[in-house]
Amino acid sequence: MTYAAALPGQPRGGGIGGRATERALCVLAPNPSPMTLDGTNTWLVSEPDSDLAVVIDPGPLDDAHLKEVVATAERAGKRVALTLLTHGHPDHAEGAARFAELTRTRVRALDPALRLGDEGLGAGDVITTGGLELRVVPTPGHTADSLSFHLPADAAVLTGDTVLGRGTTVVAHPDGRLGDYLDSLRRLRSLTVDDGVSTVLPGHGPVLNDARGAVEYYLAHRANRLAQVETAVESGYRTPAEVVAHVYADVDRSLWPAAELSVRAQLDYLGEHGLI
């Protein structure tokens, strides 16, 4: 067993970027950081025999990256016909308006403030550009406007920041809510059980070859963290900062501000359920 295979979700080895499935290709944005991992994964998705492509999450406002996405499509004989957003965080969406200028496309998103054009995105919507089938899956929790996209033909799901290729994600309180996030993970688990989804195409990090394993790990991780936070409060750690210092003592301190967002979401959840 390789090290990668032993990790949750069986992350695919090799460099990030390039062909991931028959229909999905990743263009990695040059914005690495502790929060964005290797950078934002911009996804170019299309039917193999179509000359039209859909781009998911153009990424940051980086003209060189946005032009490289267009050039990647053109090298594959494709024209970008539509832009979609998994959510509105700048590392995914800041470049959307400029990318729309470059490609003369509409931008569809759940949040009306992020759209360019009349159409939004919602539960039950199906994208059919160039014969492609992308099913919109609401997955709030990381943010209120988070969406995933089910790509049935490749048994894959594009998860934005709901499931990452490495590590776990932040519940971005107060916009993100833990109850919503747990429901979203269960919704993704249902895709792996009922719809045969086996591959996660994340917003950051490597492709995951074991979608069900990844989601099960996320659910177990959240349950463990929630229990740790509840125990910390019972032990006298009251403020979010105190809980973070106690529960996340083994985590790089540069990530503590993000961890505090998740802790605030967990404290809200525990309070709503009468557990603290």
Side-chain angles (χ1 to χ4, degrees), residues 21 23-27 29 40-47 50 52-61 66 69 73 78-154 156-164 169 171-172 175-177 180-181 183-188 190-191 195 197 199-204 211:
T21 67
R23 291 165 180 79
L25 186 155
C26 175
V27 183
T40 300
N41 294 337
T42 294
W43 290 101
L44 186 70
V45 188
S46 65
E47 281 297 309
S50 174
L52 300 180
V54 174
V55 164
I56 299 172
D57 290 351
L61 184 54
L66 300 176
V69 175
K78 313 282 186 181
R79 176 178 66 83
V80 177
L82 180 64
T83 302
L84 306 177
L85 297 177
T86 62
H87 65 296
H89 279 168
D91 57 311
H92 293 258
E94 186 183 36
R98 172 60 177 152
F99 189 71
E101 290 179 4
L102 292 171
T103 57
R104 298 184 179 181
T105 59
R106 295 168 295 144
V107 176
R108 295 181 63 181
L110 179 61
D111 185 348
L114 299 171
R115 301 172 191 167
L116 291 175
D118 297 331
E119 288 187 281
L121 290 170
D125 286 350
V126 180
I127 309 301
T128 57
T129 302
L132 187 70
E133 182 182 350
L134 272 177
R135 301 175 184 172
V136 178
V137 182
T139 47
H142 169 65
T143 61
D145 68 330
S146 287
L147 300 171
S148 295
F149 298 97
H150 178 200
L151 180 57
D154 286 350
V157 61
L158 298 103
T159 53
D161 282 356
T162 299
V163 174
L164 304 178
T169 199
V171 179
D175 184 45
R177 295 177 56 83
D180 291 341
Y181 187 63
D183 287 343
S184 293
L185 290 176
R186 296 184 189 107
R187 192 169 298 120
L188 291 175
S190 293
L191 285 181
D195 295 275
V197 166
T199 302
V200 172
L201 306 177
H204 303 279

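Along the sequence shown, residues are numbered consecutively beginning with 1.
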In this structure, CG of L191 is separated from CZ of R186 (nearest 0.5 Å) by 14.5 Å
In short, V126 meets E133 closest at the heavy-atom pair CG1-CG, 3.8 Å
Inter-residue atom distance L61.CG - E94.CD, 0.5 Å rounding:
5.0 Å
Keeping W43 on the side-chain end and P202 on the backbone end, is there a donor-acceptor pair under 3.5 Å?
yes
Side chains of S184 and T162: is there a donor and an acceptor less than 3.5 Å apart?
no
May I ask you to decide if A113's main-chain N or O and D111's side chain share a donor-acceptor pair within less than 3.5 Å?
yes
To the nearest 0.5 Å, what is the distance between CG on L147 and CG on L110?
5.0 Å
Do side-chain atoms of R187 reach the backbone of P138 as a donor and acceptor pair under 3.5 angstrom?
yes
Looking at every heavy atom in both A81 and T105, which two are closest together, and how far apart are they?
C-CG2, 3.5 Å
Show your working on side chain to side chain contact (heavy atoms under 4.5 Å, CB included) between L114 and D145 and close with a plain yes or no.
CA-CA 10 Å; L114 299 171; D145 68 330; 3.8 Å; yes
Taking the side chain as every heavy atom from C-beta outward, state whether L132 and L151 have any pair of such atoms under 4.5 Å apart.
yes
Is there a side-chain contact between F99 and T42 in this structure, where contact means two heavy atoms from C-beta onward sitting under 4.5 Å apart?
no
Identify the two heavy atoms, one from V197 and one from A156, that lie closest to each other, and give their separation to 0.1 Å.
CG1-C, 4.1 Å
Tell me if a side-chain donor or acceptor on T83 pairs with a main-chain N or O of A100 at a distance below 3.5 Å.
no
Side chains of L185 and V163: does their closest heavy-atom pair fall under 4.5 Å?
yes
Report yes or no: does R106 contribute a side-chain atom to a donor-acceptor pair with the main-chain N or O of L116 at less than 3.5 Å?
no
Do the non-hydrogen side-chain atoms of L201 and V45 ever get within less than 4.5 Å of each other?
no
Does a side-chain heavy-atom distance below 4.5 Å link V55 with V27?
no
Can you tell if the side chain of V136 reaches within under 4.5 Å of the side chain of F149, non-hydrogen atoms only?
yes
Restricting to ring-ring contact (aromatic ring centres under 6.0 Å, His included), what partner residues turn up for H87, sequence neighbours left out?
H89, H92, H142
Using only atom types and a distance under 3.5 Å, with no angle test, would you say the side chain of R115 pairs donor to acceptor with the backbone of A109?
yes
Flag the pair P58 / L85 as yes when at least one side-chain heavy-atom distance between them is below 4.5 Å, and no otherwise.
yes
Any donor-acceptor pair under 3.5 Å linking the side chain of K78 with the backbone of V54?
no
How many angstroms lie between atom OG1 of T169 and atom CG of D161, to the nearest 0.5 angstrom?
5.0 Å
Without swapping roles, check the side chain of D57 against the backbone of T86 for a donor-acceptor pair under 3.5 Å.
yes
Under 3.5 Å: donor-acceptor pair, side chain of T139, backbone of S148
yes
Step by step, work out the side chain to side chain contact (heavy atoms under 4.5 Å, CB included) result for T199 and D154.
CA-CA 8 Å; T199 302; D154 286 350; over 6 Å; no
Does T40 use its side chain to pair, donor to acceptor, with the backbone of D91 at less than 3.5 Å?
yes
Could you please spell out the steps behind the side chain to side chain contact (heavy atoms under 4.5 Å, CB included) verdict for R135 and D195?
CA-CA 12 Å; R135 301 175 184 172; D195 295 275; 4.2 Å; yes
Once rounded to the nearest 0.5 Å, what's the spacing between atom CG of D125 and atom CZ of R108?
5.5 Å
Shortest non-hydrogen separation from P60 to A29 and the atoms involved
CD-CB, 3.8 Å
Looking at A53 and L44, what are the two nearest heavy atoms and their distance?
CB-CD1, 3.8 Å
Under the side chain to side chain contact (heavy atoms under 4.5 Å, CB included) test, residues paired with D175 that sit two or more places apart:
T143, A144
Before you tell me yes or no, could you show the steps for L158 and L134 under side chain to side chain contact (heavy atoms under 4.5 Å, CB included), namely the whole-Å CA-CA distance, both residues' side-chain angles and the distance that decides it to 0.1 Å?
CA-CA 10 Å; L158 298 103; L134 272 177; 4.0 Å; yes
